Protein chains: 2
Amino acid sequence: MGTDSTRNAILDAARQVLFDEGWEALSHQRVAEVAGVGRATVYRHWPQRVQLLQDACSAEVLVMHAEPTGDLRGDLLAELEAIRQELLQRRAGRVLIALADRAAWEPELAEVKRRFVSEGLSALRNLLEAGVKEGRLDAGLDLDGALAGLAGALVYRQVILDQDLTKAMVERVLDDFLARYAL
Amino acid sequence: MGTDSTRNAILDAARQVLFDEGWEALSHQRVAEVAGVGRATVYRHWPQRVQLLQDACSAEVLVMHAEPTGDLRGDLLAELEAIRQELLQRRAGRVLIALADRAAWEPELAEVKRRFVSEGLSALRNLLEAGVKEGRLDAGLDLDGALAGLAGALVYRQVILDQDLTKAMVERVLDDFLARYAL
DNA sequence: ACCACGTGAGACACGTTGTCTCATGTCATA
DNA sequence: TATGACATGAGACAACGTGTCTCACGTGGT
């Protein structure tokens, strides 16, 4: 077995363990078991647990972005819907919350978290930016504040309140936002 | 030393460890060291780690609530300010995020989290409810949605974005909300 | 003076972690 | 085909953490 396929098998196993059994279960030993490789092999590639966490998480930062159509509300809704799916299906919420928790004590993870958040919301940010530039959103809009408001409301419901996000919730959050800032 | 003072010493130590060293460090052994008691004593009172976590967290659910004055914006602002202080100083944010993470795999903690959130926001909920009843807020207001929007925006900024919440941020969040829902 | 009881210290078995060595299998090259 | 470089799996090993147990000690109430 070549180096790359072993690495991938380990990373796949790490993600599986992370999602199914939680962060605390993500040990070299457990990952080796699930990946079907020797324990020493996991240590060889990732001597530190935090690096394994980092690499396992990094591959999760993939939000499907739709092409903007020019319809502001429609584009925003599509993007928020993509984020909703990410939170629901790919369990980005769990990863995010685990990162937020560990990042306080493991500085390496703070950067992973920052990237995770910023990449996950980059398309949304672009849409809002364009909306302001084209005069369809209030110029006084605080971009970071708006992102925190939109994403925060969704993440909070999904991860803190344990609600499964519905399309209606997303629309409500968006329409409240637009009621305030759309021109 | 009596039973109660030992219990309190252990719970104090548990909270200290929880805040200063993180959730993973919260073992019977570490708590015993910090509390200056024998390891067996900690096991005697809390055989399961999750119970220790539970009791250590439960005492953290104390938000200072101001008396309502009748001025809706002022009262809401005071309450959000109290929540901000809680998130900033008493590290409720860290506890909340740690609870959210562990609750996914430890059902006992889900209830602790639920109480934590609901008690922390109960005063805010009452203010909003009264505002609707007195006709000062849009009757179409979705109470849970509004709470999620307000709290979510603050928690998200504090814990996910690592921003230290300022008074200005709180005012902005509130005024955006009132711009949409105040009559 | 007595006793009940919570406690601290420590012994013990057990599982986990991180490191190391070595025989084996695989792949590219001569 | 023979050869050599290399990644791997298995396992030995010490160190550490965990959960349970026993026992001597000190305190407070009787």
Side-chain angles (χ1 to χ4, degrees), chain A residues 1-59 98-99 101-109 112, chain B residues 1-57 59 98 101-109 112:
Chain A
M1 188 182 291
T3 301
D4 278 4
S5 60
T6 303
R7 278 186 65 95
N8 289 335
I10 292 174
L11 282 180
D12 284 346
R15 275 187 283 275
Q16 186 184 327
V17 171
L18 185 58
F19 288 150
D20 296 345
E21 303 168 41
W23 200 290
E24 315 218 3
L26 193 68
S27 62
H28 289 86
Q29 177 155 262
R30 184 75 189 116
V31 170
E33 282 174 21
V34 173
V37 304
R39 199 161 57 93
T41 305
V42 184
Y43 277 104
R44 207 172 286 129
H45 287 281
W46 292 274
Q48 310 293 333
R49 193 172 89 114
V50 66
Q51 297 166 358
L52 184 54
L53 290 171
Q54 234 171 301
D55 289 355
C57 288
S58 297
L99 280 173
D101 185 36
R102 300 327 192 280
W105 290 277
E106 309 226 42
E108 301 96 320
L109 289 178
V112 177
Chain B
M1 188 182 291
T3 302
D4 279 3
S5 60
T6 302
R7 278 186 66 93
N8 288 334
I10 292 173
L11 281 180
D12 284 346
R15 276 187 285 274
Q16 185 184 326
V17 171
L18 186 58
F19 289 150
D20 296 345
E21 303 168 41
W23 200 291
E24 315 219 3
L26 192 70
S27 61
H28 289 86
Q29 177 157 262
R30 184 75 189 115
V31 169
E33 282 173 22
V34 173
V37 304
R39 199 161 58 94
T41 304
V42 184
Y43 276 104
R44 208 172 286 129
H45 287 281
W46 291 275
Q48 310 293 333
R49 193 172 89 114
V50 66
Q51 297 166 0
L52 183 55
L53 291 171
Q54 235 170 302
D55 290 355
C57 288
D101 185 36
R102 300 329 191 279
W105 290 277
E106 310 226 42
E108 301 97 320
L109 289 178
V112 177

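Nothing here was measured: the structure is a model prediction, and the numbers come from that model. Every chain is numbered from 1, with letters handed out A, B, ... down the list of sequences.
Shown for residues 40-48 of chain A: residues whose heavy atoms fall under 4.0 angstrom of DNA chain D, namely Ala40(A), Thr41(A), Arg44(A), His45(A). Less than 4.0 Å separates DNA chain C from no heavy atom of any residue of residues 20-29 of chain B.
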Would you list the atom pairs, donor with acceptor, under 3.5 Å between side chains in residues 31-45 of chain B and any protein atom, with sequence neighbours excluded?
residue	atom	partner	partner atom	Å
Glu33(B)	OE1	Arg30(B)	NH1	2.8

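Under 3.5 Å, the side chain of Arg39(B) and the base of dG19(D) form at least one donor-acceptor pair of N or O atoms.
Put simply, CD on Glu33(A) is 14 Å from P on dG9(D), counting in whole angstrom units. If you take CG of Asn8(B) and P of dT7(C), they are 11 Å apart, rounded to a whole angstrom. Atom CZ in Arg49(B) sits roughly 9 Å away from atom P in dT18(D) (whole-Å rounding). Taking atom CZ on Arg7(B) and atom C1' on dT7(C), their separation rounds to 15 Å, with Å as the unit.
Partners of Trp23(A) according to the side chain to side chain donor-acceptor pair (under 3.5 Å) rule, which considers only residues two or more places apart in sequence or in another chain, do not exist here. Not a single side chain to side chain contact (heavy atoms under 4.5 Å, CB included) links Asn8(A) to another residue, sequence neighbours left out. The side chain to side chain contact (heavy atoms under 4.5 Å, CB included) check on Glu108(B) picks up Val50(B), Gln54(B), Glu106(B), with sequence neighbours excluded.
Proximity note for Val37(B) (side chain, C-beta onward) versus dG8(C), dG9(D), dG18(C): the nearest is dG8(C).
A donor-acceptor pair is defined here as one N or O able to donate and one able to accept, closer than 3.5 Å; such a pair exists between the side chain of Arg49(B) and the backbone of Leu26(B).
Atom CG of Leu109(B) sits about 10.0 Å away from atom CG of Asp101(B), to the nearest 0.5 Å.
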